[in-house]
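Residue numbers start at 1 and run along the sequence shown.
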Amino acid sequence: MAQTVGRNIAAPLLFLNLIMYFIVLGFASWCVNRFINGQTNHPSFGGNGATMFFLTFAILAAVVGIISKLAGGNHIRAWRNDSLAAAAASSLIAWAITALAFGLACKEINIGGHRGWRLRVLEAFIIILTFTQLLYVLLLHAGIFSSKYGPGYRDTDYGLREPGAEPGALKTGGPVTGSRV
């Protein structure tokens, strides 16, 4: 049971972030479509000078976030070091891009002016996603401090074969012999 603490916490957060990234992608795509069509005077759109930059980074954050959740889902399923590396790296990149969109959302709010409800919802989702994605990244990296929260970065004994053993046989224990320096 102790080995699955990190998995039990990370899995619901991964699913929540995946759904939120899909919502961000939908709202940001709608807003960009309105912006490209020149319908910025639409009552539910509005915007200001930071809007186009914000929408660009919101779409980028959503797409990268969705892809990082696919790698995270693979890690939750496998729960091994090799899947942890891919999930941690992609989630860190997704968080960095989401943090950039967060900064632009704050700038857009600070500038003010009329912003429709869709833009305000998009800003709120980006702000929430910045913090939930950071929590997810921290949960993935918690295995550094204790293997109770993850597979651990130092668990390297799986997948090694005894020297001279047939290809399907795994190592049974003891130190690794025959290693080259």
Side-chain angles (χ1 to χ4, degrees), residues 3-37 39-40 42 44-110 115-144 149-153:
Q3 292 292 339
T4 62
V5 170
R7 182 187 265 180
N8 289 339
I9 296 171
L13 192 57
L14 179 138
F15 183 71
L16 174 71
N17 283 354
L18 177 67
I19 297 301
M20 288 178 67
Y21 274 123
F22 271 117
I23 292 170
V24 165
L25 183 63
F27 275 105
S29 299
W30 183 91
C31 290
V32 165
N33 185 40
R34 292 287 182 180
F35 199 85
I36 290 172
N37 290 341
Q39 298 172 341
T40 56
H42 192 274
S44 64
F45 184 69
N48 54 38
T51 301
M52 191 57 196
F53 300 106
F54 169 65
L55 293 176
T56 302
F57 277 98
I59 287 179
L60 182 63
V63 170
V64 173
I66 290 168
I67 296 303
S68 78
K69 296 306 162 233
L70 296 177
N74 183 43
H75 170 60
I76 296 295
R77 184 186 57 79
W79 204 249
R80 293 174 38 144
N81 287 343
D82 48 352
S83 63
L84 173 64
S90 64
S91 68
L92 191 62
I93 292 169
W95 175 76
I97 297 171
T98 306
L100 285 171
F102 169 77
L104 289 166
C106 291
K107 183 65 176 176
E108 187 177 41
I109 292 168
N110 189 31
R115 296 179 333 275
W117 69 271
R118 287 182 180 91
L119 275 175
R120 290 189 308 240
V121 166
L122 184 59
E123 292 162 357
F125 269 96
I126 288 292
I127 291 169
I128 293 168
L129 265 171
T130 302
F131 295 110
T132 58
Q133 181 70 16
L134 178 62
L135 180 61
Y136 178 71
V137 168
L138 293 175
L139 280 172
L140 284 180
H141 286 86
I144 294 173
Y149 300 109
Y153 286 97

Rounded at 0.5 Å granularity, tell me how far CG in L16 sits from OH in Y21. 11.0 Å
Once you round to the nearest 0.5 Å, how far does CG of L25 lie from CE of M20? 13.5 Å
Classify the side-chain pair N17/T132 by whether it contains a donor and acceptor separated by less than 3.5 Å. yes
Kindly write out the residues that satisfy side chain to side chain contact (heavy atoms under 4.5 Å, CB included) with A71, not counting sequence neighbours, or none if the list is empty. S90
Atom of T98, atom of A61 and distance for their closest heavy-atom approach: OG1-CB, 3.7 Å
So which heavy atom on C31 is nearest to which on L119, and how close? SG-CD2, 4.1 Å
Any chance the side chains of T51 and E108 put a donor and an acceptor closer than 3.5 Å? yes
Atom of A99, atom of T130 and distance for their closest heavy-atom approach: CA-CG2, 4.3 Å
What distance separates I36 CD1 from L55 CG, expressed to the nearest 0.5 Å? 9.5 Å
Distance col, row I66:CD1 vs I19:CD1, nearest 0.5 angstrom, shows 9.5 Å
Interatomic spacing from CG in L13 to CG in L18 - rounded to 0.5 Å: 11.5 Å
Taking only residues two or more places apart in sequence, or in another chain, which ones meet F131 in a ring-ring contact (aromatic ring centres under 6.0 Å, His included)? F102
Heavy-atom nearest pair, L140 first then H75, reads CD2-CD2, 3.7 Å
Are the side chain of R115 and the backbone of N48 linked by a donor-acceptor contact shorter than 3.5 Å? no
Would you compute the distance between atom CG of N74 and atom CG of L84 and round it to the nearest 0.5 angstrom? 11.5 Å
What one should report as the nearest heavy-atom pair of V24 and A58 is CG1-O, 3.7 Å
Closest non-hydrogen atom pair, I126 against A101: CG2-C, 3.7 Å
With a 4.5 Å heavy-atom cut-off, do F54 and E123 have their side chains touching? yes
